[in-house]
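Position 1 is the first residue of the sequence; numbering continues from there. Here the structure is a predicted model, which is why all the values come from computation and not from measurement. Numbering of ligands and ligand atoms starts at 1, following listing order.
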Amino acid sequence: MKVLVVGSGGREHALVWKLAQSPKCDQIFCAPGNAGTAEIATNLEFSDNDISGLLKFAKANTIGLTVVGPEVPLVNGIVDRFEDAGLRIFGPNAKAAILEGSKVFSKELLAKYQIPTADYRRFDDAEAAREYLKLNQVYPIVIKADGLAAGKGVLIITTPAEAEIGIRKIMEDRIFGNAGGEIIIEEFLRGPELSMLCFVDSQTVVPMVSAKDYKRIGAGDTGLNTGGMGAISPNPLYDQALENYCLTHIIEPSLEGMRQEHRPFKGILYCGIMLTDDGPKVLEYNVRFGDPETQVILPRLDTDLIDIFEAIIDDRLDQLDVKWAQDAAATIVLASGGYPESYPKGCLISGLEQVTGSTVFHAGTKNDGNSVFTSGGRVLAITSIAPAVAQALKVSYDNARKIEFEGKTLRADIGS
Ligand code: AMP
Ligand code: GLY
């Protein structure tokens with residue numbers, strides 16, 4: 001079978017790496033991919049949101065399975081377009097992907113189906129939001145743009161002055177475009193975070209092994225939010241009781257709610273959960289694999305990933321026994337200097353050939369035919385597998401030291 005993976009990050013390199021291991025995979029393409037995917041797949045010059053271009057390519061090249069990494073094409077209906085054309089594609093359709101595409105939709109779903117989450121109000125008028133905040137004296141508070149904002153649409157606000165700037169930038173200056181037409185203002189939750197990812201078809205949910213993402217740029221969870229600076233699997237706070245609780249009180253009622261709303265979900269449901277003193281509460285839904293969680297979860301998967309995706313497309317996930325390795329995994333992200341704000345591109349990366357015992361998943365990298373250069377904020381994710389997280393971390397950090405590029409930035413406290 002010919003397989004097409006859509007996207008260009010570390011997550012997509014991990015997907016390509018895992019899918020290519022399947023005996024069912026004869027040839028694999030990645031659009032647009034990076035220097036890492038180019039070593040396994042044929043990279044294609046389509047942007048990940050060029051749905052018409054991708055569809056044309058998939059038809060002309062008899063692609064048997066398309067797998068979509070990022071949320072934007074899912075929210076924009078890539079699954080609908082491929083299915084209408086009779087092509088097999090893995091992921092939620094646009095009606096279901098709204099779970100990530102609109103924070104207002106997801107908060108209303110959480111409220112309607114009594115799923116634990118932060119208390120909130122929604123505002124489509126900046127003045128009304130200002131009035132509400134005048135009466136609300138409790139900081140920090142969280143402001144979220146309604147639509148997709150490349151992971152930047154969530155502001156943790158600690159003073160009234162910051163709140164004013166946040167409302168103006170999102171709703172009036174529209175720094176996130178139409179995503180700022182409406183906002184959610186919600187209660188600030190405290191506690192450790194958990195990323196819970198599940199394989200989902202129309203009837204069945206199979207939770208993946210747990211992971212913990214390190215979102216802030218600085219050690220000790222300080223500084224700006226990023227896409228994720230590293231991850232470990234399993235999450236040390238996760239056990240069977242917590243999994244059962246989250247399945248019963250969060251995942252299953254969410255999926256039942258989507259069925260009730262005539263938006264049945266299938267694909268990957270990734271729930272960001274805060275483990276508060278009052279129990280687990282939903283921070284957000286994502287309708288895709290996490291990045292960098294995928295770089296620690298997929299290396300632990302023993303079952304053929306094509307079999308899983310096909311079972312979900314055909315609604316027979318209940319017949320599949322999804323197996324995981326006992327070993328733990330850790331990944332360390334190497335980012336460009338300045339990330340998550342502005343950063344240079346085109347810096348030469350050296351030392352990749354000296355890596356031993358880890359898999360290096362590429363994110364923002366480009367190959368000019370001779371050398372590999374940086375081309376994004378998150379550049380590489382160095383994943384290792386070992387019987388315990390601490391050992392996996394040590395191998396990844398040892399290899400992280402061998403790789404150099406100007407401005408190389410990493411968090412030294414992943415796993416702690
Ligand atoms: P999201 O884009 O919704 O995943 O939010 C990004 C990050 O913002 C989350 O992973 C949390 O770290 C943080 N966050 C979101 N909502 C809240 C909240 N209500 N309280 C505290 N932190 C939050
Ligand atoms: N690691 C966070 C995300 O993928 O959204």
[atom]: which protein heavy atom is closest, and how many Å away?
{"atom": "atom 23 (C) of ligand 1", "answer": "L283 CD2, 3.7 Å"}
{"atom": "atom 3 (O) of ligand 1", "answer": "K103 NZ, 3.1 Å"}
{"atom": "atom 1 (P) of ligand 1", "answer": "E284 OE1, 3.1 Å"}
{"atom": "atom 7 (C) of ligand 1", "answer": "N225 ND2, 3.7 Å"}
{"atom": "atom 11 (C) of ligand 1", "answer": "E193 OE2, 3.1 Å"}
{"atom": "atom 21 (C) of ligand 1", "answer": "L189 O, 3.3 Å"}
{"atom": "atom 5 (O) of ligand 1", "answer": "V154 CG2, 3.4 Å"}
{"atom": "atom 13 (C) of ligand 1", "answer": "I156 CD1, 4.2 Å"}

Problem - Subset of ligand 1 atoms that lie under 4.0 Å from at least one heavy atom of E187 - result: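 Answer, ordered by atom number: 18 (C), 19 (N), 20 (N).
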
Exercise for the section: Could you tell me which atoms of ligand 1, counted from 1 in the order shown, lie closer than 4.0 angstrom to a heavy atom of F188? Expected result: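 What qualifies from ligand 1 is 20 (N), 21 (C).
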
Are [X] and [Y] linked by a side-chain donor-acceptor pair shorter than 3.5 Å?
{"X": "Y113", "Y": "E261", "result": "yes"}
{"X": "N43", "Y": "E45", "result": "no"}
{"X": "T117", "Y": "K107", "result": "yes"}
{"X": "T159", "Y": "Y139", "result": "no"}
{"X": "E243", "Y": "Y238", "result": "yes"}
{"X": "S195", "Y": "E293", "result": "yes"}

Practice task
Let me know which protein residues bring a heavy atom to under 4.0 Å of ligand 2; chain then number is fine for ordering.
Solution key: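 Answer by chain and number: D213, G227, Y270, N286, R288, G290, D291, P292, E293.
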
Exercise for the section: Please name all residues satisfying side chain to side chain contact (heavy atoms under 4.5 Å, CB included) with K144, sequence neighbours left out, ordered by chain then number. Expected result: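 K103, V142, V154, I184, E186.
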
Handout entry: Counterpart residues, side chain to side chain contact (heavy atoms under 4.5 Å, CB included), relative to R216 (two or more places apart)
Key =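 Residues passing side chain to side chain contact (heavy atoms under 4.5 Å, CB included) with R216: D221, N225, R411.
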
Handout entry: Closest candidate by heavy atom, reference atom 19 (N) of ligand 1, pool R190, K215, E186
Key =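 It is E186 that holds the nearest heavy atom.
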
Practice task
Compare K144, R216, E100, M274 and give the one whose heavy atom is closest to atom 15 (C) of ligand 1.
Solution key: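 Among K144, R216, E100, M274, the closest heavy atom to atom 15 (C) of ligand 1 comes from K144.
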
Exercise for the section: Using the test salt bridge (charged side-chain N to carboxylate O under 4.0 Å, His left out), find all partners of E406 that sit at least two apart in sequence or belong to another chain. Expected result: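 Applying salt bridge (charged side-chain N to carboxylate O under 4.0 Å, His left out) to E406 gives none.
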
Practice task
Assess the pair Y270 and F289: is the distance between their ring centroids shorter than 6.0 Å?
Solution key: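 No.
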
Practice task
Give me the ring orientation class for W17 and F361: parallel if the planes are under 30° apart, tilted from 30 to 60°, perpendicular past 60°.
Solution key: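 Judged by the thresholds at 30° and 60°, the geometry between W17 and F361 is perpendicular.
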
Handout entry: Side chain, backbone, both or neither: the part of N286 lying under 4.0 Å from ligand 1 by heavy atom
Key =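 Looking at N286 and ligand 1, no heavy atom falls under 4.0 Å.
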
Problem - Shortest non-hydrogen contact from S254 toward L109 - result: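 What the structure gives for the nearest pair is O-CD2, 4.1 Å.
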
